[in-house]
Amino acid sequence: MRKLFALIATAMLLLPGVSHADEGMWIPMLLGRNQAAMQKAGMHITAQDIYDINNASLKDAVLLFGGGCTGEFVSDEGLVLTNHHCGYSYIVKHSTVEHDYLTNGFWAMTREQEIPCPGLTVTRLVYMQDVTKEVLAGVEDGMSESDREKVIDKNIKAVGEKAIEGTHYRYVIKPFYYGNQYFMYVNEVFTDVRLVGAPPSNIGKFGGDTDNWMWPRHTGDFSMFRVYTADNKPADFSKDNTTYRPLKHLEISLNGVEEGDFTFVFGYPGTTRRYVTHDYVDLAANVENPVRIELRTIRLDHYNDAMRKSAAQRLKYASKVASIANGWKKWQGESLGIERLHGVEQKIEQEEQFRKWAANKPQYRDVLDQMEDNYAKLREVSLEWTYFSEAVLASDFMNRAMRLWRILRNADETLAEKMLDDSRKYFEDFDQHSPVDEAIFVETFIYMWERGFAPYMNLKHSTDSELEATLKKIYAKSALNNPKKLEKLLTMKREKMLKAITDDPAVDLFTQAYNYCYSDKKREQYTTANDNIQRLMRIYIKGMMEQYPDSNFFPDANLTLRVTYGHVEGFKPKDATYFTAYSTIDGIMEKENPDVYDYRVEPRLKELWKKKDYGHYANKKGELPVAFIATNHTTGGNSGSPVLNADGQLVGINFDRCWEGTMSDLLFDPAYCRNISLDIRYCLFIIDKYAGAHHLIDEMTLVQK
Ligand code: ARG
Ligand code: ASP
C-alpha cells in the first residue's frame with residue numbers, strides 16, 4: 001500500500017512531457033518560447049540577448065571545448081574558462097615528474113609561456129537553422145530505414161555544403177526527436193588553443209574520485225586556455241598567430257548567488273534519453289549497470305593500489321582512472337535513483353496511457369508492442385556489448401592485441417608502422433611486464449568465464465586456477481609484452497608478419513572473444529533490433545506529442561548548444577538530512593587529511609584561509625564560497641558551461657551533478673536533481689590571491705553592484 005502511494009505521488013513528476021519548471025534543455029534559436037517562463041522565474045534579459053544572429057549575443061561567448069565539454073570566453077583576448085577535468089588530459093600531457101603541472105599547477109605569467117595543445121579545438125556556433133524540410137525531402141512513409149537514411153544523408157550533405165560554401169565555417173546537421181526534426185549548426189572551429197593556467201590537483205581535483213558526483217563539494221574545478229588566430233580567423237598553431245578577439249565575452253559578477261536566485265546554464269549537454277520506454281530503463285538500471293560497475297571495481301582496485309605507491313604511477317594512471325571511476329560512480333547513482341523513483345513501473349504506467357490513447361489510431365496502435373518485441377531481441381545480445389567493452393577491452397594488453405588483429409583484417413600497410421611507433425612510446429611509459437595490467441586482464445577474463453560469458457575458453461579449463469595459469473601464460477608468451485619481439489614482428493615482410501600475428505596467443509584469445517561477442521548472427525540481431533527501436537521511437541515520440549499537446553517536449557541532448565534554467569536550491573538527500581545550497585573554504589579545511597591524497601590542502605591556501613585574505617571574493621557574511629547547487633537540468637558535456645545570473649553575467653562554472661540525481665538523463669526529479677557549479681569567486685580568488693596571476697584578472701570584466 002505504501003509503495004503504491006509512492007508510485008502515485010511520483011507519477012505526477014513523470015508525465016512524458018515536461019510538467020515542471022526546471023526540467024528541459026532548450027534550443028537557443030527557439031528560446032523565445034521559453035522567454036516568458038524564464039522571466040517569470042527571475043530572468044532580467046531576453047531570449048535575444050542569449051541567442052541572436054544579427055548582433056553579438058551570449059552564444060558567441062559559449063564554446064564546445066574539445067569533443068565533449070563546454071568553455072566560455074571571459075576576455076576580449078580570447079581567454080577561455082572551462083573545468084580542470086576538461087583540460088585534464090592536456091595538463092597531464094605536459095606534465096613530467098620534474099615539471100608536474102598536474103600536481104603543482106601551472107600559470108603562464110606571459111603569453112610566451114602559454115603552452116600549445118595540438119589536437120585541442122574549440123568551436124563557436126555562428127548560427128543554427130531548422131532544415132527539417134530540406135533534410136526530409138524525398139523521404140516517404142513506407143520507406144525502409146536504410147533507404148530513408150540514404151536520402152537523408154544525401155540531403156544533409158547538399159544542405160550543409162551549400163551553407164558553408166566560400167566560408168571557413170564547418171557544418172553539423174543533427175536529428176532531433178529521433179529524426180522528426182533536423183537542425184543545422186554552422187560553426188567556426190579554432191585549432192590553436194593554448195594552456196594558460198590550472199590550479200594544483202589538490203585544488204582543481206580536491207576530493208578526487210571520492211567526492212566526485214557528490215555534494216557537499218569543494219573542488220576548484222577550473223582551468224584556462226587561450227584561442228589564437230590569424231586575422232581573427234581560425235588557424236593552426238603558428239608563432240605568428242595572435243589572440244582571438246571574440247564578438248562577445250562574458251561579464252563576471254562578483255555578487256554571487258543566494259538560495260532561490262535564478263540561474264541558467266548555457267552549454268553542450270551530450271546525451272539524455274528522456275522518452276525511452278520501460279525496457280530501456282530496466283536494461284540500463286538492472287542489467288547493464290551492475291555488470292559495468294563490478295568490472296570497473298576490479299580495474300579501479302588495481303590502479304588505485306598502484307597509484308598509492310608512487311608519484312610516477314599516479315601520473316601514469318591519472319587520466320585513465322578519472323574516466324573509469326567517473327562512469328563507475330555515476331551508474332551506481334543512476335541505478336539507485338531509478339529504483340527510488342520506481343522508474344520502470346512509472347514508464348509502464350505511461351505506456352499504458354499511451355496504449356489507451358492510441359487504441360483507435362492505426363499509425364500508433366502497435367508501436368509499443370513492436371517496441372517490446374525488439375527490446376526482447378536486443379536483450380538477448382546486449383550484455384555481449386557490455387562484456388566486450390568492459391571486460392575484454394579492460395586491459396591495455398587486450399587493447400593492443402586488438403591492434404594486431406586489425407592489421408590482420410585490414411590491408412592498410414601503415415597500421416603496423418603506427419603500432420610500432422605507439423608501442424615504442426608505450427614502453428617509455430609502461431613496463432614491459434606490468435603486474436597491474438596483467439592482473440586486470442586475468443581477473444576480468446575470469447569474471448566473464450565464471451558467469452558463462454566466455455564459453456570459448458571452456459575447452460581448455462575447468463577451474464579458475466587453471467584458467468588463471470593459462471591466461472598468465474598467454475600474457476607471458478605474447479610478443480606484445482616483449483619490445484624486442486614486437487619490434488621484430490612489426491617490421492617483418494607482410495606475409496610473415498600476418499602469420500606471426502595469427503600465431504600470437506593474445507591475438508588468438510582476442511579473436512575468440514571478438515567472434516563470440518560479435519558473431520555475425522548476434523550483430524545482425526543487435527543492429528536490426530536497434531534500428532527498429534530508433535524507428536519506433538520516432539513514431540512513439542510523435543504520438544506522445546499529439547497525446548499531450550499542451551506539454552513541452554524538449555529534445556533529448558545531442559551535443560548541441562542548449563539553455564537550461566532553474567534556481568539555486570538545497571535539497572534533502574535522505575531522511576533527516578538537508579543539504580544547503582553552497583559550500584565554503586571552511587569545508588576544505590574540515591575535509592583536510594594529510595594522509596589521504598585527495599584531501600591534502602595546499603599550505604598556501606591554508607595560509608590565505610587563516611588570514612581570511614579573501615579580498616572582494618568573500619560573500620556578505622565574509623565567507624569565501626567554493627561551490628553551489630541549483631536545479632538546472634544538465635548532463636555530461638555541460639561540464640565547463642557558464643552558469644549565468646538573471647542579468648546574463650557569469651556566476652559559476654558547471655562541473656557536476658549530485659549523486660542522488662544522476663538518473664536525470666532518463667528521469668528528472670526536481671526534489672533530487674541538482675547541478676553543481678564552481679562559484680566564480682573561488683575561481684577568481686585562486687587565480688588572483690593564490691596564484692598571483694593578476695594579469696589574467698585584469699583582462700576580465702568584473703562587475704559588482
Ligand atoms: N563527474 C564529473 C563529470 O561527469 C566530473 C568528472 C571528473 N572528475 C573525476 N574525479 N573523475 O564529468
Ligand atoms: N561532470 C559532467 C561533465 O563532464 C557533468 C555532468 O554529468 O553533470 O560534463
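Ligands are counted one by one from 1 in listed order, and the atoms in each one are counted from 1 as well.
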*Which ligand 2 atoms are under 4.0 Å away from a heavy-atom of Gly637?*
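In order of numbering, the contacting atoms are 3 (C), 9 (O).
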_Per-atom contacts, ligand 2 versus Gly636 - under 4.0 Å to a heavy atom_ =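 Per the distance check, 2 (C), 3 (C), 5 (C), 6 (C), 7 (O), 9 (O).
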[X], portion touching ligand 2 at heavy-atom distance under 4.0 Å:
X	result
His85	side chain
Tyr268	neither
Asn326	neither
Asn638	backbone

*If you measure from each non-hydrogen atom of Arg657 to ligand 1, which part falls under 4.0 Å: side chain, backbone, both or neither?*
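Neither; no heavy atom under 4.0 Å.
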*asked:* Applying a heavy-atom cut-off of 4.0 Å, say which part of Phe655 lies close to ligand 1: side chain, backbone, both or neither.
replied: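 For Phe655, the contact with ligand 1 is made by the backbone alone.
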Which protein heavy atom lies closest to [atom], and at what distance to 0.1 Å?
atom	value
atom 5 (C) of ligand 1	Asn212 OD1, 3.4 Å
atom 2 (C) of ligand 2	Ser639 OG, 2.9 Å
atom 12 (O) of ligand 1	His85 NE2, 3.1 Å

*Does Gly636 have a non-hydrogen atom less than 4.0 Å from ligand 1?*
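No, Gly636 has no heavy atom closer than 4.0 Å to ligand 1.
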Ligand-residue contact atoms, ligand 1 with [X], heavy atoms, under 4.0 Å:
X	answer
Ala322	11 (N)
Gly208	10 (N)
Lys205	9 (C), 10 (N)

*Does the cation-pi check pass for Arg340 over Tyr672, that is, NZ or CZ under 6.0 Å from the six-membered ring centre and within 45° of its axis?*
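Arg340 over Tyr672 ring: yes.
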*Can you check whether His84 reaches Leu102 side chain to side chain, under 4.5 Å on heavy atoms?*
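They are in side-chain contact.
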*asked:* Given Thr219, Asn638, Asp656, Thr635, identify the one with the heavy atom nearest to atom 1 (N) of ligand 1.
replied: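 The nearest heavy atom belongs to Asp656.
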*Look at atom 6 (C) of ligand 1 and find which of Asn83, Asp209, Asn326 reaches it with the closest heavy atom.*
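Looking at heavy atoms only, Asn326 sits closest to atom 6 (C) of ligand 1.
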When you check the side-chain N and O atoms of [X] and [Y], is any donor under 3.5 Å from an acceptor?
X	Y	answer
Arg217	Thr219	yes
Asn638	Asn654	no
Tyr244	Asp192	no
Asn558	Thr560	yes

*asked:* Taking ring pair (Phe, Tyr, Trp, His ring centres under 6.0 Å) as the criterion, tell me which of Phe553, Tyr280, Phe668, Tyr178 meets it with Tyr275.
replied: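 Among Phe553, Tyr280, Phe668, Tyr178, the one meeting ring pair (Phe, Tyr, Trp, His ring centres under 6.0 Å) with Tyr275 is Phe553.
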Once you measure the plane-to-plane angle for [X] and [Y], does it fall in the parallel (<30°), tilted (30-60°) or perpendicular (>60°) bin?
X	Y	answer
Tyr682	Phe685	parallel
Phe397	Phe441	perpendicular
Tyr317	Tyr303	tilted

*For the pair Arg314 and Asp100, find out whether any cationic side-chain nitrogen is under 4.0 Å from an anionic carboxylate oxygen.*
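Looking at Arg314 and Asp100, the cut-off is not met.
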*Salt bridge or not for Asp60 and Arg124, using N-O below 4.0 Å?*
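Salt bridge: yes.
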Mind checking whether [X] has an N or O less than 3.5 Å away from an N or O of ligand 2?
X	answer
Arg657	yes
Trp213	no
Phe655	yes

*asked:* Tell me the closest heavy-atom pair linking Ala322 and Lys205, and the distance in Å.
replied: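 It is CB-NZ, 3.8 Å.
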*Check whether any N or O atom of Asp221, backbone or side chain, sits under 3.5 Å from an N or O atom of ligand 1, and answer yes or no.*
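Checking ligand 1 against Asp221, no N or O pair falls under 3.5 Å apart.
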